[in-house]
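A short worksheet on the structure shown next.
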Amino acid sequence: MPIKNPNIPSRYDPKATEYKWYKYWLENGYFRSRPDGRKPYTIVIPPPNVTGVLHMGHILNNTLQDVLIRRARMAGYNACWVPGTDHASIATEARVVAHLQASGIKKSDLSRDEFLRHAWAWTHKHGGIILEQLKRLGASCDWARTRFTLDESLCESVVKAFVDLYERGLIYRGHRMVNWDPQAQTTISNEEVNYIEKKGKLYYLRYPIKGSESFVTIATTRPETMLGDTAIGVHPDDARYHHLVGKTAIVPIANRKIPIIQDEYVDREFGTGCLKITPAHDVNDKEIGDRHQLEIIDIFQDDGSLNAHGRHYEGMDRFAVRQLIVEELQEKGFLVKEVDYTHKVGTSERTGAVIEPKRSIQWFVKMADLAKPALEAVSNGAVAIVPEKFANTYRHWMARIHDWNISRQLWWGHPIPAYYYGEGIADFVVAQTPEKALEQARRKSGNLDLQAGDLKRDPDVLDTWFSAWLWPISVFDGIRKPDNEEITYYYPTQDLVTAPEILFFWVARMITAGYAFRGRPPFSHVYLTGIVRDKQGRKMSKSLGNSPDPIELIERYGADAVRVGMLLTTPAGNDLPFDESLCLQGRNFANKIWNAFRLVQRWEPLEKRQPDYATLGISWFENRLNQALHQLEKDFEAYRISAALMGLYKLIWDDFCALYLEIVKPPYGEKIDAKTATQTRRLFESILKMLHPFMPFLTEEIWHRFAKRNEGEALIITEMPKQKACDEKLIREFDFSARVVSALRHFRMKKNIPNPERPPVSVWEREAHRHFDPVICKLAHLSELRYTNAKIEGAPALQVGLNTYFIPVERAVDNRGEIAKATAEINHLQGFLKQIEKKLNNESFIAKAPEEIVAVTRKKQADTREKIKTLQRHIEGLKR
RNA sequence: GGGCCCUUAGCUCAGCUGGUUCAGAGCACCUGCCUUACAAGCAGGGGGUCGCAGGUUCGAACCCUGCAGGGCCCACCA
């Protein structure tokens with residue numbers, strides 16, 4: 001029996017429920033998952049930065065994951081959502097450096113251990129805040145499984161994976177041009193370089209030709225690098241410069257002699273067609289240099305200032321030198337001209353510093369072979385990417401993947417397990433532990449006296465993504481213990497929900513690691529969310545200050561409302577222009593449901609006969625519910641999450657509240673019959689279950705208010721309603737009746753007939769739709785529906801389908817509106833008829849179109865003619 | 001420079017294999033209502049030449065070509 005309470009407020013109060021139910025769910029261990037006989041449904045969270053705070057992107061992302069997890073839990077799966085955080089090597093280190101700087105401490109003044117102590121202190125202070133914030137959202141993670149990428153077991157996993165790949169010959173150390181971030185003083189991967197359009201200048205400089213009075217003129221955006229020039233290049237087919245080939249040019253200021261060479265790379269159209277070649281500071285120049293065995297002169301120090309090759313500019317910053325050297329060149333007559341020039345400059349994603357291409361020794365993963373099965377997986381559907389368009393991007397990228405530079409010159413992160421025992425390039429070993437390293441080093445060097453102290457650990461750490469790519473495996477300890485119960489049960493996981501921005505950084509590499517370490521992909525579906533933008537379409541960011549604080553939104557609107565707001569208009573992969581009004585819509589929806597509950601809970605059922613309208617209303621809504629259940633299923637299968645929510649929104653607001661409840665609601669002053677009350681509650685509970693994944697708090701609250709539940713019972717662990725067959729014909733029949741109701745309401749509104757007045761209505765019936773007549777009477781406030789075989793003279797009439805409805809009202813009637821409407825309808829139908837007849841008069845249509853189509857078209861013709869006739873008669877009737 | 005995607009109502013988007021009245025939904029908007037669950041609500045209503053131009057077809061929002069506009073990814077001509 002419902003618990004009656006007349007004093008329930010008319011607004012849903014999220015504050016009074018959210019904390020209560022979250023605590024209840026936690027205490028009862030509903031989020032907990034352990035391997036058992038059920039089928040697993042697993043999601044690993046994209047681990048947020050350990051010291052990060054929740055932003056709108058997280059809200060979107062984690063709401064989606066929670067919806068999927070809660071739905072799976074209610075569908076009978078062993079649902080497991082693994083939470084955790086990422087150490088975010090460079091981002092966190094940058095933050096710690098900035099923090100120390102603020103208190104006057106420079107990183108360079110600290111030892112590695114001292115710095116790491118600060119970093120850990122910072123992590124302990126700020127770490128995990130974001131996970132607490134996720135709880136406010138209702139995230140049903142298995143918190144006992146929380147992992148951090150620097151947890152001991154994950155660190156060991158990273159080392160093991162590194163050693164394993166090294167032993168398989170897939171990790172090597174080599175000289176490469178890398179992207180050097182002079183501010184963070186580390187290399188970064190290509191993926192972390194942002195090319196930003198910048199206004200600069202293109203400088204035309206002339207270099208004297210040795211043994212002549214003439215010059216060769218080149219164009220460059222980076223005049224300061226001339227100090228590292230080791231050649232001038234022209235295109236082999238460029239006749240303009242054939243006379244220069246083989247001659248020697250002199251680098252101004254440095255007074256160095258450099259050869260003039262030919263290379264296909266040089267673009268004849270650009271600038272003067274002559275290229276200054278600086279192998280130390282440009283990727284392409286480096287390649288030309290390799291082809292021609294050019295000298296490499298590195299003019300920079302690690303912080304971007306010039307070294308001794310910079311001569312009198314030594315110690316000065318590269319950008320300052322650019323200005324000064326241009327002035328010097330001008331004074332000395334080497335500057336021909338400078339023109340404005342806009343080009344794209346590589347900058348560091350983390351620090352924003354202009355990237356310096358630099359030649360150095362780094363660690364790399366050989367990707368070509370590793371990437372093959374990962375590429376194949378997306379092509380053959382073993383991993384489905386939603387939306388599909390991103391699969392193309394993925395394939396394109398994976399097909400021409402380059403080796404992955406995994407070393408970073410940072411301290412915060414996983415140290416590279418390499419140990420050096422000599423100065424030679426090959427004098428190192430890679431091992432799981434220092435002890436093993438020593439053993440190997442003795443063997444490899446042949447020097448059995450080698451001591452632990454003789455080994456030098458590689459000073460670099462690994463790229464953050466090198467631990468992240470193992471995440472779906474390492475959280476279940478599948479790297480260290482490949483056969484443990486957890487990994488074999490939970491792996492591969494099902495869905496991964498993340499942002500498209502990290503498709504290459506992370507998703508592609510996880511799939512790669514999945515095959516490399518387990519021979520299987522880590523998940524079967526990747527759902528890529530959109531990017532949350534503000535109303536003007538700008539990306540939400542801290543610096544723009546255009547991102548609302550999610551926790552504040554939850555405070556103001558409630559977690560359920562924020563969840564609904566985020567999901568209402570977010571098809572996969574589409575950017576979401578977020579606006580607070582979306583949360584408002586979510587809150588209104590919560591109140592709507594709350595008030596429906598208030599109505600139902602205050603009913604005092606009476607043992608009496610169930611009215612016909614109620615019986616019919618229930619039979620309709622049961623079918624409608626099954627139809628919605630079917631649609632819900634289809635939407636989830638296709639990952640149309642917002643469509644799924646919108647379907648429920650309409651089911652609840654339009655069908656359940658506006659129609660169903662109005663049908664079964666007892667007339668004023670009457671009591672409801674017990675049967676209808678019970679059935680309504682049952683239907684309401686089904687709706688609560690269907691909605692629970694989207695609005696967990698509200699639904700749990702109402703579910704508990706409906707009845708006294710036993711200890712340990714909760715909506716969150718109930719079973720989703722089972723789909724049954726639905727009678728589509730019955731639903732169509734109802735839809736017709738609903739149209740009749742609308743037409744009658746419209747009529748009453750225009751004629752100003754108040755609801756308490758309950759006229760009878762006569763139907764001149766030309767198509768039979770009598771099934772829901774009691775419902776029509778109830779909703780349109782009619783005393784009865786009568787059937788006649790002819791029109792009723794003098795009575796105002798309206799038309800629905802082929803039927804005419806006559807309303808006997810006494811007051812003065814203005815039929816002009818109705819006539820105009822009917823006339824417009826006739827015009828429309830005549831236009832439609834013309835098109836149909838054009839088709840039917842077209843011999844090739846009759847000849848070539850399939851028979852059913854022709855038959856249907858003929859039927860349409862007949863129906864339309866009939867409708868026009870009826871309407872014409874209708875108008876005639878009105879005119880009298 | 002190479003590749004991918006998009007353009008449907010004021011906004012955000014559905015629209016399956018070309019074919020049933022297919023031109024839809026939510027929000028916004030307009031009109032009337034404080035009606036006994038809910039004004040954070042109820043009832044009713046208006047609104048689109050499906051970016052443009054061709055083509056294929058009996059038939060095109062849907063397929064093809066071109067054009068215009070927008071977005072994303074890769075590459076990085078100094």
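So that the names make sense, note that chain A is the first sequence line, chain B the second, and so on, each numbered from 1. As a basis for the values below, the full set of heavy atoms in this structure was taken, side chains included, without hydrogen atoms, waters or symmetry mates.
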Ionic contact status for K665(A) with E662(A), cut-off 4.0 Å = yes
Out of [options], which nucleotide sits closest to the side chain of [X]?
| X | options | answer |
| --- | --- | --- |
| M749(A) | G19(B), C42(B), G44(B) | G44(B) |
| R11(A) | G41(B), A40(B), A78(B) | A40(B) |
| L275(A) | G41(B), A14(B), A78(B) | A78(B) |

Ignoring hydrogens and angles, answer whether the base of A40(B) and the side-chain atoms of R587(A) contain a donor-acceptor pair closer than 3.5 Å.
-> yes
Does the base of A37(B) carry an N or O that pairs as donor and acceptor with the side chain of N595(A) under 3.5 Å?
-> no
Measure from NZ or CZ of K337(A) to the centre of the six-membered ring of Y204(A) and say whether it is under 6.0 Å with the direction within 45° of the ring axis.
-> yes
RNA chain B: stems of at least 3 consecutive Watson-Crick or G-U pairs whose donor-acceptor distances fall under 3.5 Å | B:1-7 with B:68-74, B:10-13 with B:24-27, B:29-33 with B:41-45, B:51-55 with B:63-67
Describe the nucleic acid contact of K389(A) in one word from base, sugar-phosphate, nothing, applying a heavy-atom distance below 4.0 Å.
-> sugar-phosphate
Could you tell me whether the side chain of T278(A) and the main chain of A280(A) form a donor-acceptor pair under 3.5 Å?
-> no
Side-chain donor-acceptor pair present, D654(A), Y649(A), cut-off under 3.5 Å = no
H396(A) NE2 to C5(B) P: how many Å, rounded?
-> 11 Å
Same-atom distance (C1') from A43(B) to U35(B), integer angstrom = 11 Å
Give the C-alpha distance, both sets of side-chain angles, the deciding distance and a yes or no for side-chain contact (heavy atoms from CB on, under 4.5 Å) between M226(A) and Y203(A).
-> CA-CA 11 Å; M226(A) 69 178 295; Y203(A) 302 91; over 6 Å; no
Going by heavy atoms in the side chains, are R395(A) and T393(A) under 4.5 Å from each other?
-> no
